[in-house]
**Q** 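Take a look at the following structure, please.
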There are 4 protein chains.
Amino acid sequence: MLDEELTPKAAKKRQIILRHALSVFAKEGFGDTDVQIIADLAGVGKGTIYRHFGNKKQLFLATAQHCLQQLADFIRQQVGKSKNTTDLIQEMGTIELVRQIARAYAQFYERHPEAVEIMIQERAAFRDALVPSHLLHRAERRAEFDRLLSEAMDRGEFRRVDVTHATNAFADLVYGSVVNGCLEGGRGQLVERVQQAVEIFLNGLVAPEELSRKK
Amino acid sequence: MLDEELTPKAAKKRQIILRHALSVFAKEGFGDTDVQIIADLAGVGKGTIYRHFGNKKQLFLATAQHCLQQLADFIRQQVGKSKNTTDLIQEMGTIELVRQIARAYAQFYERHPEAVEIMIQERAAFRDALVPSHLLHRAERRAEFDRLLSEAMDRGEFRRVDVTHATNAFADLVYGSVVNGCLEGGRGQLVERVQQAVEIFLNGLVAPEELSRKK
Amino acid sequence: MLDEELTPKAAKKRQIILRHALSVFAKEGFGDTDVQIIADLAGVGKGTIYRHFGNKKQLFLATAQHCLQQLADFIRQQVGKSKNTTDLIQEMGTIELVRQIARAYAQFYERHPEAVEIMIQERAAFRDALVPSHLLHRAERRAEFDRLLSEAMDRGEFRRVDVTHATNAFADLVYGSVVNGCLEGGRGQLVERVQQAVEIFLNGLVAPEELSRKK
Amino acid sequence: MLDEELTPKAAKKRQIILRHALSVFAKEGFGDTDVQIIADLAGVGKGTIYRHFGNKKQLFLATAQHCLQQLADFIRQQVGKSKNTTDLIQEMGTIELVRQIARAYAQFYERHPEAVEIMIQERAAFRDALVPSHLLHRAERRAEFDRLLSEAMDRGEFRRVDVTHATNAFADLVYGSVVNGCLEGGRGQLVERVQQAVEIFLNGLVAPEELSRKK
DNA sequence: CATGAATGAGTTTTCATTCAT
DNA sequence: TATGAATGAAAACTCATTCAT
């Protein structure tokens with residue numbers, strides 16, 4: 001199912017279908033989406049979509065997956081800059097790194113509000129989907145963040161708290177801000193909302209000594 | 001449409017319908033719910049539901065409203081205990097009050113996971129619903145919380161930050177924790193998750209002096 | 001599902017639907033039948049058919065059942081005339097009774113060629129249908145015929161042969177004649193074909209002594 | 001379209017396709033058969049099937065034809081043994097020959113139950129097919145059997161009855177026995193059923209004198 | 001010639017909503 | 001006012017057939 005396994009042509013068609021599926025699912029919601037509409041927009045027959053994706057549910061899941069991929073790419077590009085986490089911490093400190101991670105998420109969702117809708121639709125229609133469309137819900141990303149916090153605690157930058165709880169809090173905060181913030185719409189609103197929230201979160205985590213030192 | 005305007009009998013029937021609508025909408029989702037099922041469970045004819053609620057969408061909205069009402073009642077009962085906010089602050093301090101508010105939300109949603117689903121379904125199917133099913137999204141409750149924070153800042157208990165942002169952060173955090181926490185299921189999981197998250201949030205808000213004093 | 005359990009009105013509607021289902025299924029075959037056509041001819045909405053019969057397959061099976069009922073009624077009326085088998089044998093002799101049974105089947109199918117098609121469609125589309133649409137395939141009718149032959153053998157009217165085999169032969173002969181005879185069409189063709197075939201069958205069964213006596 | 005006109009390679013491919021078409025049509029029925037499945041099993045592209053057979057209906061008809069061919073070959077091999085009918089009668093007598101013909105049919109259908117299904121599907125989906133899949137329904141074979149009976153009557157072996165009716169009876173009896181017998185399944189069941197039925201049929205045809213003589 | 005991706009007409013089935021009783 | 005049978009619009013999905021490669 002991965003694009004690499006397909007001919008360039010088939011992969012291209014897949015991309016076109018997914019692009020329009022994304023936009024229609026986001027605008028209409030899963031239940032109110034008529035696959036025919038996606039087919040028309042994508043300029044292919046309905047049968048072609050069913051041939052490629054099997055059924056409406058799988059088409060949606062592929063769309064969610066696609067979002068996730070774009071999100072992951074964006075995050076990596078914004079934060080990673082090809083360096084590994086350790087180097088990044090060296091460079092900017094954990095606090096700034098957490099800020100940048102949160103900002104990257106916010107930026108992505110602000111630029112791609114449809115991705116927020118997909119995330120919500122997925123939660124609503126596929127309670128138990130195997131592939132949650134939000135990176136921070138996924139085990140591998142959580143583990144990475146856990147480690148980030150752990151090490152900051154070890155170095156005394158952060159207060160010592162239960163890492164899993166802190167990661168949960170971060171994920172929930174970003175998720176909640178994104179979901180609730182994307183409605184209000186204005187330019188920069190979402191990024192602002194997430195940033196401000198994360199500032200409080202960080203303030204809640206940094207060690208008192210660090211706070212004093214800053215002053 | 002309010003119960004007070006109805007005969008006791010009609011109001012009772014309304015309650016029965018709403019109770020089953022809640023459970024079915026929560027289990028099946030809005031789109032996958034067959035009104036006939038609700039009618040059967042409620043022991044009334046389908047026509048009766050349409051007579052009372054107009055159409056499926058309004059039935060859902062009434063159900064969401066109903067959840068909101070129950071939530072509000074529960075919060076008032078848990079936190080308010082008939083005293084006003086000012087008295088409560090006097091009694092237990094802002095920090096403890098915020099803790100209690102958060103705990104109350106968590107407890108409600110843990111006891112009524114269907115309410116979480118309703119909240120999600122509402123967001124998914126009625127993006128622009130006039131009546132968000134989560135109290136903290138509603139203007140009147142936000143204003144109250146804004147005031148709570150404002151006064152704490154005035155008294156120097158909390159650091160001075162933008163009140164709206166802080167309230168957003170609190171609402172988003174609680175919302176995110178509830179939505180993501182309710183899936184993991186275990187007894188007490190949701191309350192624990194919310195509490196831990198709010199602890200960090202509070203830590204991020206209290207004034208350094210307060211922190212020192214505590215030590 | 002039986003008509004007696006329905007209101008007269010619902011039963012009437014059921015009859016109308018079945019009448020048209022019969023004619024369409026017979027003309028088009030099961031697979032080529034569009035339920036919409038039946039609905040249009042019956043003057044009801046498509047939903048009504050689905051409400052009454054569940055799905056296309058069950059509609060067909062109900063149609064087959066309906067044929068069977070009509071066939072059974074016809075046979076009883078033609079042959080039985082309210083007398084029991086024993087009396088009938090007394091009256092006309094086994095040979096004549098077998099002739100009359102076969103003639104009754106033939107007459108029914110000649111008057112209702114659609115019933116032949118239903119029988120064939122059922123065999124083709126529901127190999128393992130629980131309710132074969134041909135009376136002689138059904139256990140209760142077979143048992144009756146077995147007894148008829150048995151007694152004739154006991155009385156020395158028929159040669160002694162394996163009763164089950166003889167009943168099979170009779171059922172297969174009538175079935176084959178009906179299925180193959182109904183295509184040729186002409187008035188009386190089917191009855192003639194069955195009668196001639198049964199004459200040979202009977203000749204094959206009667207005891208030699210009986211034959212001699214006749215001469 | 002005959003194999004002789006094709007290159008050996010094309011003929012081989014045709015055979016492979018027909019073999020799988022037979023098995024799929026028999027298992028699924030005409031309407032429920034997906035040509036793609038046949039193509040996959042045969043290891044060819046769907047287009048190839050359409051190139052060879054034109055459309056699904058013609059593919060089915062070719063399959064039926066193919067069955068017919070195999071049946072004819074089998075009958076000829078079992079009964080004919082390269083001798084002509086007259087010689088065979090000389091050798092074993094009409095009665096035994098009729099027995100052998102019936103047994104040969106039964107054996108073929110018992111070994112190839114798919115052929116029974118094809119016969120039924122053909123009757124169900126192509127009421128008016130030009131090429132009935134049962135040999136005994138076909139003019140040339142009927143004429144041959146007619147002659148067989150005629151001569152037996154002329155020789156006084158068989159009672160004098162209308163030849164066409166007798167042939168019909170034989171064809172219908174074998175057809176009915178095969179169609180109804182193939183469901184019951186057990187080894188030898190079908191052959192037994194047909195033999196027993198034909199025994200009665202023969203008894204019904206042989207001349208009384210012959211019967212006496214036997215005694 | 002062979003292929004198999006693309007197509008879209010055609011069917012089944014569901015269910016919100018209505019309305020006669 | 002309550003009911004639940006009737007309706008038919010709407011949508012998912014299939015698959016025979018075509019045709020560009």
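Per chain, numbering begins at 1; letters A, B, ... match sequence-line order. Quick caveat: nothing in here was measured; it's all calculated off a predicted structure.
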**Q** Taking the six-membered ring of A:Phe30, is the NZ or CZ of A:Lys56 close enough (under 6.0 Å from the centre) and on axis enough (within 45°)?
**A** yes
**Q** In whole angstroms, how far is the P atom of F:dA9 from the CG atom of C:Asp40?
**A** 11 Å
**Q** Considering residues at least two apart in sequence or located in another chain, which fulfil the side chain to side chain donor-acceptor pair (under 3.5 Å) criterion with C:Arg127?
**A** D:Glu117
**Q** Check nucleotides 19-21 of chain F for protein N or O atoms closer than 3.5 Å to its own N or O atoms and list the pairs.
**A**
none

**Q** Does anything in residues 31-42 of chain A pair up under side-chain hydrogen bond (donor to acceptor under 3.5 Å, both in side chains), and if so which pairs, sequence neighbours excluded?
**A** A:Gln36-A:Asp40, A:Gln36-A:Lys46
**Q** Atom CE in C:Met119, atom CD in C:Glu114: separation rounded to 0.5 Å?
**A** 12.0 Å
**Q** Could you check whether any side-chain N or O of B:Gln121 sits under 3.5 Å from a backbone N or O of A:Ala124, counting only pairs where one atom can act as donor and the other as acceptor?
**A** yes
**Q** Figure out the NZ/C1' separation between D:Lys56 and F:dT17, and round it to whole Å.
**A** 12 Å
**Q** For DNA chain E, please output the secondary structure as dot-bracket, reading 5' to 3'. Pairs are Watson-Crick or G-U wobble, both atom distances under 3.5 Å; mark crossing pairs with [ ], other-strand partners with |, unpaired with a dot.
**A** .||||||||||||||||||||
**Q** Side chains of residues 61-70 of chain D: which donor-acceptor pairs under 3.5 Å do they make with residues two or more places apart or in other chains?
**A**
| residue | atom | partner | partner atom | Å |
| --- | --- | --- | --- | --- |
| D:Thr63 | OG1 | D:Leu59 | O | 2.7 |
| D:His66 | ND1 | D:Gln70 | OE1 | 3.4 |
| D:His66 | NE2 | D:Gln15 | OE1 | 3.2 |
| D:Gln69 | NE2 | D:Asp73 | OD1 | 3.3 |

**Q** Drop me the distance from A:Ser23's OG to A:Leu41's CG, to the nearest 0.5 angstrom.
**A** 6.5 Å
**Q** I want to verify a distance call: between E:dA6, E:dT17, F:dA6, whose nearest atom is closest to the A:Thr48 side chain?
**A** E:dA6
**Q** Between B:His134 and B:Tyr109, is any pair of side-chain heavy atoms under 4.5 Å apart?
**A** yes
**Q** Could you tell me the separation between the CZ atom of C:Arg19 and the CD1 atom of C:Ile17, rounded to the nearest 0.5 Å?
**A** 11.0 Å
**Q** In whole Å, I'd like the distance from the CD1 atom of C:Ile49 to the P atom of F:dA9.
**A** 16 Å
**Q** Assess the pair A:Phe60 and A:Phe126: is the distance between their ring centroids shorter than 6.0 Å?
**A** yes
**Q** Whole Å only: how far is the CG atom of B:Leu59 from the C1' atom of E:dT17?
**A** 13 Å
**Q** Which nucleotide in the set F:dT3, E:dA6, E:dG8 lies at the smallest distance from any side-chain heavy atom of A:Lys46?
**A** E:dG8
**Q** Rounding to an integer number of Å, can you tell me how far A:Ile37 CD1 sits from F:dA11 C1'?
**A** 11 Å
**Q** Between B:Asn55 (CG) and E:dT18 (P), how many Å, whole number?
**A** 8 Å
**Q** Output the distance between atom CD1 (A:Ile49) and atom CZ (A:Arg14), rounded to the nearest 0.5 Å.
**A** 12.0 Å
**Q** Ignoring backbone atoms, establish whether C:His52 has a side-chain N or O less than 4.0 Å from OP1 or OP2 of F:dA6.
**A** yes
**Q** Nearest whole angstrom, please: distance from the P of F:dG4 to the CD1 of B:Ile38.
**A** 16 Å
**Q** Give the rounded distance in Å between these two atoms: CZ of A:Phe53 and C1' of E:dA6.
**A** 14 Å
**Q** Where along residues 19-36 of chain D does a heavy atom fall under 4.0 Å from DNA chain E?
**A** none
**Q** Of all heavy-atom pairs between B:Asn55 and B:Tyr50, which one has the smallest distance, and what is that distance?
**A** CA-CE2, 3.7 Å
**Q** Touch check for C:Lys57, heavy atoms < 4.0 angstrom, all strands: base, sugar-phosphate only, or nothing?
**A** nothing
